[in-house]
Amino acid sequence: MHLVSEHLTDGVLERELLVGEIPATVWTPTDTPAPLILMAHNNGLPRTDPRLVARARRTAAHGYAVATIDGSGCGVRPRVAADDEARAEVRRAAQAGEPLDEALEALVGPLVERVAPEWRTALDAVLTLPEVAGPVGYSGWAALGVLLAATEPRIAAIGLFAGGYVPRAQRAQAAHVTVPVLLLLQWDDEGNPREAALDLFDAFGSEHKTLHANAGGHLGTPAFELEDTCRFYDRHLG
């Protein structure tokens, strides 16, 4: 793991790292060591996405270490031709008014499977930092969060955004997710049927699962949900 840069803003230390070839950003609060939150955006958007950065800084200010990466084919990483072809097929199907499930399956399924090992590699590295401690939570992209929570024993709680396609493999894995779950649902999310989110919530095997639903479209998640999500981690990460 190689330190690229660091700077302190309002009590939160932000570090740019390279974990092998994986670019990562880690935010840590003043009071450390702190529990860790892995934070991802739907469909592999870059780690510099302003919404992700804002969430990360607020979460770190609340008292958590936060880590994110640019997964394969995302952010500053080289593009993957198969991803671009799959995205083009999703656009074509949408413009033609065709059902999107198979096109989304061909895009999101391979992407999740490819980046999950990179998140585990980053987790291994970040947990060696003296400012970072367990337990570990996860926040963001539902499909990746389901896979990691079902297969990575270090993850103790997950907060997921329901707005995005969850591949068939991850829908089947949801029954094996037994850690506490918070699922955020925008009731009027364009292109993401609420029934799919409700079915996913029902499928989770956890005894401790909470659904927060708010009126509005995909980008309309109320700001107060970030504070509620931090309280969720307070309850389950201690």
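These values consider heavy atoms only, across backbone and side chains, with no hydrogens, waters or symmetry-generated copies.
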K.L.:
Please find the pair of heavy atoms, one from Ala197 and one from Leu185, that lie closest to each other, and give the distance.
P.N.:
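Minimum heavy-atom separation between Ala197 and Leu185: CB-CD1, 3.7 Å.
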K.L.:
Compute whether any side-chain donor of one residue and acceptor of the other, for Arg120 and Thr151, lie under 3.5 angstrom apart.
P.N.:
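There is such a pair (donor and acceptor under 3.5 Å, judged by atom type) between the side chains of Arg120 and Thr151.
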K.L.:
Does the distance from a Lys or Arg side-chain N to an Asp or Glu carboxylate O, for Arg79 and Asp84, drop under 4.0 Å?
P.N.:
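Yes, this pair counts.
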K.L.:
Got a sec: does the CD of Glu227 have more than 12 other heavy atoms crowding it under 6.0 Å?
P.N.:
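It does: Glu227 CD has more than 12 such atoms within range.
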K.L.:
If you measure only the distance, is there a donor-acceptor pair under 3.5 Å linking the side chains of Ser72 and Arg114?
P.N.:
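Short answer, yes.
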K.L.:
Taking atom types as modelled, is there a side-chain donor on Glu105 or Tyr165 under 3.5 Å from an acceptor on the other?
P.N.:
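There is such a pair (donor and acceptor under 3.5 Å, judged by atom type) between the side chains of Glu105 and Tyr165.
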K.L.:
Side chains of Ser5 and Glu16: any donor to acceptor distance under 3.5 Å?
P.N.:
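Not at all, the side chains of Glu16 and Ser5 share no donor-acceptor pair under 3.5 Å.
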K.L.:
Could you tell me whether Asp70 and Arg47 make a salt bridge, using a distance below 4.0 angstrom between a side-chain N and a carboxylate O?
P.N.:
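Salt bridge: yes.
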K.L.:
If you count the non-hydrogen atoms of other residues, nucleotides and ligands that lie under 6.0 Å from CZ in Arg58, is the total more than 12?
P.N.:
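Open.
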K.L.:
Salt-bridged, Arg168 to Glu102, with N to O below 4.0 Å?
P.N.:
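Yes, Arg168 and Glu102 are salt-bridged.
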K.L.:
Scan side-chain atoms only and decide if His62 and Asp234 contain a donor-acceptor pair under the 3.5 Å cut-off.
P.N.:
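Side chains of His62 and Asp234: pair found under 3.5 Å.
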K.L.:
Taking Arg15 first and then Glu131, would you say they form a salt bridge - that is, a charged N and a carboxylate O separated by under 4.0 Å?
P.N.:
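Salt bridge: yes.
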K.L.:
Give me the atom names and distance for the closest heavy-atom approach of Ala156 to Pro180.
P.N.:
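That would be O-CD, 3.2 Å.
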K.L.:
When the ring planes of Tyr138 and Trp119 are compared, do they come out parallel, tilted or perpendicular, using 30° and 60° as the limits?
P.N.:
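Taking Trp119 first and then Tyr138, their aromatic rings stand perpendicular (interplane angle over 60°).
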K.L.:
Not counting sequence neighbours, which residues clear salt bridge (charged side-chain N to carboxylate O under 4.0 Å, His left out) with Arg91? List them please.
P.N.:
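So Arg91 forms no salt bridge (charged side-chain N to carboxylate O under 4.0 Å, His left out) with any residue.
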